[in-house]
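Only one structure is covered here, and it is reproduced in the block below.
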Amino acid sequence: MQIIKLNATDSTNSFLKDLSVDSKLNDFTVVVAEKQTSGRGQMNTIWVSEPSKNLMFSVYAQFTNLNIQNQTFLNFAVAISMFELLDKLNVPKLAVKWPNDIMSEKKKICGILIENVLKGSNINASIIGIGLNVNQSSFPEFLPDASSLKMILGKEFDLDNVLNQFLEALKFNLNLLKKERFQELEEKYLNVLYKKNIPSMFKDTKNVLFMGKIIGVNTNNGKLQIELSDETIQEFALKEVSFA
């Protein structure tokens with residue numbers, strides 16, 4: 001494992017992606033930044049983080065035989081790894097909010113952005129971007145649902161120690177993925193999925209409200225499966241549905 005530490009960069013994912021084009025990277029090369037000027041989240045959202053307080057890093061993971069059809073299990077492996085780390089740190093009321101936000105009760109403490117490098121129908125490598133709120137003690141008003149380990153647990157954490165613990169968990173779960181233990185990864189993910197099997201109010205892209213309950217994830221396309229009140233099952237892609 002090689003860890004590259006930067007004082008600042010626009011985005012650790014972008015830095016690692018550019019680096020992989022210019023040079024041959026070893027599996028599990030990690031880039032950590034104290035400050036990101038253009039941190040990115042899912043679907044071109046931004047990731048806001050106070051410099052030197054949190055963990056902003058990306059991991060370059062190589063694969064030899066991972067078909068693009070199995071990328072949902074890659075997402076499961078990464079989300080589970082973060083969940084397991086935070087559970088070990090005794091963060092209360094943890095859950096994974098589909099597809100891979102990590103929640104403590106209703107507060108978001110971690111975001112994940114996975115970008116794949118394809119070779120034919122296989123994933124040749126993945127750049128796994130992580131933003132974990134660790135020692136930040138407050139967030140801007142436009143982020144009312146954000147929180148951190150310090151705000152939740154009332155103490156500061158050593159960033160390097162937290163990073164190393166996560167990388168250990170990630171190695172373990174990516175190894176399950178490489179061994180094609182897909183069912184094991186799916187079970188672990190569904191066991192911690194936010195609001196699974198709990199009747200909830202949802203809102204679609206047209207702001208139409210409806211009742212339903214999350215029952216799973218379609219592993220072929222990564223879509224969220226919601227059982228409606230008439231017992232039919234509808235699938236939703238990212239940003240097509242939200243909690244009302």
Side-chain angles (χ1 to χ4, degrees), residues 3 5-13 30-59 75-76 78-114 128-170 173 188-189 191-196 198 200-201 214 238-239 242-244:
I3 298 181
K5 293 192 175 183
L6 306 173
N7 288 328
T9 186
D10 56 349
S11 153
T12 56
N13 263 33
V30 183
V31 171
V32 189
E34 288 191 20
K35 178 182 178 182
Q36 284 190 136
T37 55
S38 302
R40 294 182 290 127
Q42 295 279 7
M43 300 288 284
N44 297 318
T45 56
I46 61 168
W47 184 261
V48 178
S49 180
E50 190 177 335
S52 306
K53 294 286 188 180
N54 306 310
L55 278 171
M56 294 161 287
F57 64 96
S58 297
V59 182
N75 182 62
F76 289 172
V78 177
I80 290 163
S81 300
M82 183 54 69
F83 179 94
E84 289 174 345
L85 160 70
L86 297 178
D87 188 48
K88 200 167 153 185
L89 296 177
N90 297 315
V91 178
K93 299 180 180 178
L94 272 176
V96 178
K97 185 179 178 183
W98 175 85
N100 50 28
D101 284 344
I102 313 298
M103 313 291 289
S104 174
E105 200 162 11
K106 294 182 180 180
K107 296 289 187 178
K108 179 176 174 178
I109 52 178
C110 178
I112 295 168
L113 177 65
I114 301 171
I128 301 163
I130 306 285
L132 175 62
N133 298 330
V134 182
N135 292 325
Q136 193 160 334
S137 54
S138 64
F139 289 88
E141 286 184 10
F142 65 86
L143 294 173
D145 298 326
S147 191
S148 69
L149 298 186
K150 181 178 180 180
M151 291 169 69
I152 294 165
L153 296 173
K155 61 180 181 179
E156 293 210 349
F157 290 82
D158 181 280
L159 295 179
D160 288 338
N161 184 36
V162 174
L163 173 64
N164 290 332
Q165 287 188 68
F166 170 76
L167 293 176
E168 282 182 22
L170 183 63
N173 285 302
K188 287 171 78 170
Y189 180 87
N191 281 341
V192 299
L193 185 58
Y194 184 65
K195 297 272 190 178
K196 182 173 179 281
I198 297 173
S200 305
M201 185 72 74
I214 294 170
L238 191 63
K239 304 294 183 183
S242 59
F243 288 100

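- Looking at K188 and N173, their side chains do bring a donor and an acceptor atom within 3.5 Å of each other.
- The main-chain N or O of G111 is never found under 3.5 Å from a side-chain atom of D101 such that the two would form a donor-acceptor pair.
- Closest heavy-atom contact between C110 and M82: SG-CG, 3.7 Å.
- For the salt bridge (Lys or Arg N to Asp or Glu O under 4.0 Å) test, residues two or more places apart in sequence or in another chain that qualify with E156 are K150.
- No donor-acceptor distance shorter than 3.5 angstrom exists from the side chain of S104 to the backbone of L94, with no hydrogens or angles considered.
- Looking at every heavy atom in both residues, P92 comes nearest to I152 through CD-CG2, 3.5 Å.
- The pair K108-D145 does not meet the salt-bridge criterion, since no charged nitrogen lies less than 4.0 angstrom from a carboxylate oxygen.
- Across all their heavy atoms, L149 and F157 have their closest contact at CB-CE1, 3.7 Å.
- Across L132, L55, V32, a single residue satisfies side chain to side chain contact (heavy atoms under 4.5 Å, CB included) together with L159, and that is L55.
- Looking at V78, T12, L163, N100 one by one, the single match for side chain to side chain contact (heavy atoms under 4.5 Å, CB included) with I130 turns out to be V78.
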**Request:** Determine, step by step, whether D160 and K5 satisfy the salt bridge (charged side-chain N to carboxylate O under 4.0 Å, His left out) criterion, reporting the C-alpha distance in whole Å, the side-chain angles of both residues, the deciding distance to 0.1 Å, and the verdict.
**Result:** CA-CA 11 Å; D160 288 338; K5 293 192 175 183; 2.9 Å; yes
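- Using modelled atom types and a 3.5 Å distance limit, the side chains of S52 and E34 yield a donor-acceptor pair.
- Judged purely by distance below 3.5 Å, without hydrogens or angles, the side chains of E50 and N135 never pair a donor atom with an acceptor atom.
- Counting only N and O atoms by type, the side chains of N13 and S58 include a donor and acceptor under 3.5 Å apart.
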**Request:** Take F139 and M151 through the side chain to side chain contact (heavy atoms under 4.5 Å, CB included) test and state the conclusion after the steps.
**Result:** CA-CA 10 Å; F139 289 88; M151 291 169 69; 3.6 Å; yes
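- Rounding to the nearest 0.5 angstrom, the gap separating the CG atom in L85 from the CD atom in E168 is 10.0 Å.
- Nearest heavy atom pair, residue S11 against residue Q36, reads CA-OE1, 3.6 Å.
- Contacts of Y189 classified as ring pair (Phe, Tyr, Trp, His ring centres under 6.0 Å), with partners at least two apart in sequence or in another chain: F76.
- A distance-only check finds no donor-acceptor pair linking the side chain of S81 to the backbone of A79 [under 3.5 Å].
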**Request:** Apply the test side chain to side chain contact (heavy atoms under 4.5 Å, CB included) to residues Y194 and V96: give CA-CA distance (whole Å), side-chain angles for both, the deciding distance (0.1 Å), then the verdict.
**Result:** CA-CA 5 Å; Y194 184 65; V96 178; over 6 Å; no
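- Side chain of N75 to main chain of P99: a donor-acceptor pair is present (N/O by atom type, distance under 3.5 Å, no hydrogens or angles).
- In this structure, the side chain of E105 does not engage the main chain of K107 through any donor-acceptor pair within 3.5 Å.
- A side chain to side chain donor-acceptor pair (under 3.5 Å) check over residues 86-97, counting only residues at least two apart or in different chains, returns nothing.
- The distance from the CD1 atom of I128 to the CG atom of L170 is 5.0 Å, given to the nearest 0.5 Å.
- Residue L86 holds its CG atom at 12.5 Å from CE of M103, rounded to the nearest 0.5 Å.
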